[in-house]
2 protein chains.
Amino acid sequence: MPETTSLHTIGAQLRRARLAAGLTQEQVAELAGISRPRYRDIETGAAAARATTLMNVARALGLEMMLIPQFLVPAVDTLLSPEAGEDAPAFAPQPEPDDER
Amino acid sequence: MPETTSLHTIGAQLRRARLAAGLTQEQVAELAGISRPRYRDIETGAAAARATTLMNVARALGLEMMLIPQFLVPAVDTLLSPEAGEDAPAFAPQPEPDDER
DNA sequence: CATCAATGATACCTATACGTATCTTCAGAC
DNA sequence: GTCTGAAGATACGTATAGGTATCATTGATG
């Protein structure tokens, strides 16, 4: 997976969280202590923020950055999608809402 | 929490994962596509890597970077420490092995 | 129509992550 | 003792994240 894709994935997740919280880019940027153009770059995947910046942005949106052992990722994914789970094989491909603008 | 602390926390986690995998700094650096001095800075918390760099390093160590809703962090923490859990309040302060060198 | 807020986008400057090279320190092995 | 590998540390040049300012576009509202 090219890392630009990873950036887009992270950005899309941030955007979903931001819209769910009813915040503007400017508000999130201020909460995270960065400028709006920079937050925009992060959300659109145009730039790779520093780890500390990403953590600040995530926290501003009620998210926390964590490093998860790969073999536990499916279990965590199940936690993240309450409605999709229940009788899923716990290793489901994860439909990915794909809110790509 | 000052962000230098966050960097130290991440670095300590990477170090634990690296030692558990029996790898040298040089090997992890090469797997992650960065130089040894740079990996060292990340592991010691001396520098804030880019998000993409951190993701590459994490993957080299069998970890995955994820953004978790804060209210789910305790649940995920429980997943991460199977032996510590069981009868813990699920909101335990997490003893933190504190492998700081 | 005009107006305003939110977002997309560009340019320029500074701060810093990153690569490369180099040196030192420490712990084992011999 | 020497030798060797892993890790700590520094310096310098380049690439890029981040700040500030500015303009354009879109959508809603009057």
Side-chain angles (χ1 to χ4, degrees), chain A residues 1-63 65 67 97-101, chain B residues 1-63 65 67 97-101:
Chain A
M1 172 153 64
E3 56 186 29
T4 64
T5 305
S6 305
L7 292 181
H8 277 87
T9 302
I10 292 179
Q13 190 173 352
L14 295 178
R15 175 179 284 259
R16 280 194 299 271
R18 178 176 65 85
L19 297 179
L23 296 172
T24 68
Q25 293 181 346
E26 179 116 36
Q27 288 171 324
V28 176
E30 175 159 11
L31 287 172
I34 63 175
S35 66
R36 186 183 68 87
R38 256 3 84 198
Y39 175 74
R40 179 196 157 275
D41 284 349
I42 297 171
E43 196 178 273
T44 59
R50 292 177 196 147
T52 49
T53 302
L54 182 57
M55 292 171 59
N56 290 336
V57 168
R59 290 200 180 119
L61 291 170
L63 302 172
M65 204 198 76
L67 297 180
D98 209 4
D99 224 324
E100 204 86 11
R101 171 142 201 62
Chain B
M1 171 155 63
E3 56 186 30
T4 63
T5 305
S6 305
L7 292 181
H8 276 87
T9 302
I10 292 180
Q13 190 172 352
L14 295 178
R15 176 180 281 260
R16 281 193 297 272
R18 178 176 66 83
L19 296 180
L23 296 172
T24 67
Q25 293 181 345
E26 178 116 38
Q27 289 171 323
V28 175
E30 174 159 13
L31 287 171
I34 65 176
S35 65
R36 185 181 70 89
R38 259 359 88 198
Y39 174 74
R40 179 195 159 277
D41 283 350
I42 297 172
E43 197 179 90
T44 59
R50 293 177 195 148
T52 49
T53 302
L54 182 57
M55 292 172 59
N56 290 335
V57 168
R59 290 200 179 118
L61 290 170
L63 302 172
M65 206 199 74
L67 297 180
D98 209 7
D99 226 324
E100 205 87 11
R101 168 136 209 59

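All values derive from a computational prediction rather than experimental measurement. Because only heavy atoms are used, hydrogens play no part in the values below, and waters and symmetry mates are left out as well, while side chains stay in.
- One finds the CD1 atom of B/I10 at 9.0 Å from the CE atom of B/M65 (value rounded to the nearest 0.5 Å).
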Show which side-chain atoms of residues 46-58 of chain B pair as donor or acceptor with protein atoms under 3.5 Å away, not counting sequence neighbours.
residue : atom : partner : partner atom : Å
B/N56   : ND2  : B/T52   : O            : 3.3

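- Although no hydrogens or angles enter the test, the distance criterion places a donor-acceptor pair under 3.5 Å between the side chain of B/Q13 and the main chain of A/L67.
- At least one side-chain heavy atom of B/R15 sits under 4.5 Å from a side-chain heavy atom of B/L19.
- Per the geometry, CG belonging to A/L23 stands 18 Å off P belonging to C/dA5, to the nearest Å.
- A/S35 OG to A/Q25 CD: the interatomic distance, rounded to the nearest 0.5 Å, is 11.0 Å.
- Overall, the helix from C/dC1-D/dG30 to C/dC30-D/dG1 carries an axis bend of 30° between its ends, with five pairs at each end and the value rounded to 10°.
- The interatomic distance linking A/E26 (CD) with D/dA21 (C1') rounds to 13 Å, in whole Å.
- The backbone N or O of B/L23 lies less than 3.5 Å from a partner atom in the side chain of B/R18, making a donor-acceptor pair.
- Within a heavy-atom distance below 4.0 Å of DNA chain D, the residues of residues 34-47 of chain A found are A/I34, A/S35, A/P37, A/R38, A/A47.
- Residue B/Q27 contributes atom CD, which lies 11 Å from atom C1' of D/dG5 at whole-angstrom precision.
- A/E30 places no side-chain N or O within donor-acceptor distance of the main-chain N or O of A/Q27, the cut-off being under 3.5 Å.
- Following rounding to the nearest Å, B/L7 (CG) and C/dT16 (P) show an atom-to-atom distance of 13 Å.
- Taken to the nearest 0.5 Å, the CG atom of A/L7 stands 9.5 Å off from the OG1 atom of A/T44.
- For the pair B/Q25 CD and D/dA6 P, the computed distance is 10 Å after rounding to whole Å.
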